[in-house]
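One structure is given here, and the rest of the page talks about it.
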Amino acid sequence: MNASDLRVGQGFDIHRFSDDPDRVLVLAGSVFDGERGLEGHSDADAISHACSDALLGAAGLGDIGMHFPDTDPAWKGADSLTLLRHVVGLVRSEGWEVANIDCAVVCERPKLAPRRDEMQSTLSEIVGAPVSIKGNRAERLGAIGRAEGVACFATSLLVRRPDSRVSHPEDTEQDAP
Ligand code: MG
């Protein structure tokens, strides 16, 4: 494997809590009953959005705003897991496999730990690789610290699929007797 067979990507997303009592809080596809929902054109799943952006960034395929513009009624109320699944398909079609995604979620609420396994397994199943989710509080600093929303940072690693690898001169040299 050559260094050019690896790509790292970073994604960030933040959504504010909604005043609409009918909005449902969805994070990594899990519904948190009894919690305030987040504002957004789609279901506002900040974790899935950050993961999608990390994958698109790693593959050099732009960002989710480009692929799913919030001016397009097609994505109104969209299930963000569907968007993530679509992104994984795009990344694969470019010859990449996901190695892993690591997420740092910053929020005062909800408590993520009790739902962590469920969220990780939902996202892992979609991307076909381990997804880790860590919850962090903002220690009362800033908007997130005042419990006004949820932010997520995601990092992804992509590995070029063997069938789409180009041969590198240095690989040939290593194989030579
Ligand atoms: Mg978003």
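Computed from a predicted model, the values in this text were never measured in an experiment. Order of appearance sets the numbers: ligands from 1, and atoms from 1 within every ligand. Side chains are part of it too, since the values below use all heavy atoms of this structure and drop only hydrogens, waters and symmetry mates.
Atom CD1 of residue I14 and atom CZ of residue F153 lie 7.5 Å apart, to the nearest 0.5 angstrom.
Shortest distance from the Mg ion (ligand 1) to H15 is reached at NE2 (N/O/S atoms only). Looking only at its N/O/S atoms, H49 has ND1 as the one nearest to the Mg ion (ligand 1). Shortest distance from the Mg ion (ligand 1) to D13 is reached at OD2 (N/O/S atoms only).
Checked against side chain to side chain donor-acceptor pair (under 3.5 Å), D19 has the following partners two or more places apart in sequence or in another chain: R36.
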Extract all donor-acceptor atom pairs below 3.5 Å that involve side chains of residues 76-88 and protein atoms in other chains or at least two apart in sequence.
residue: D79; atom: OD1; partner: L81; partner atom: N; Å: 2.8
residue: S80; atom: OG; partner: D43; partner atom: OD1; Å: 2.4
residue: S80; atom: OG; partner: H49; partner atom: NE2; Å: 2.8

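Judged by the 6.0 Å distance and 45° axis criteria, R160 is positioned over the aromatic ring of W96.
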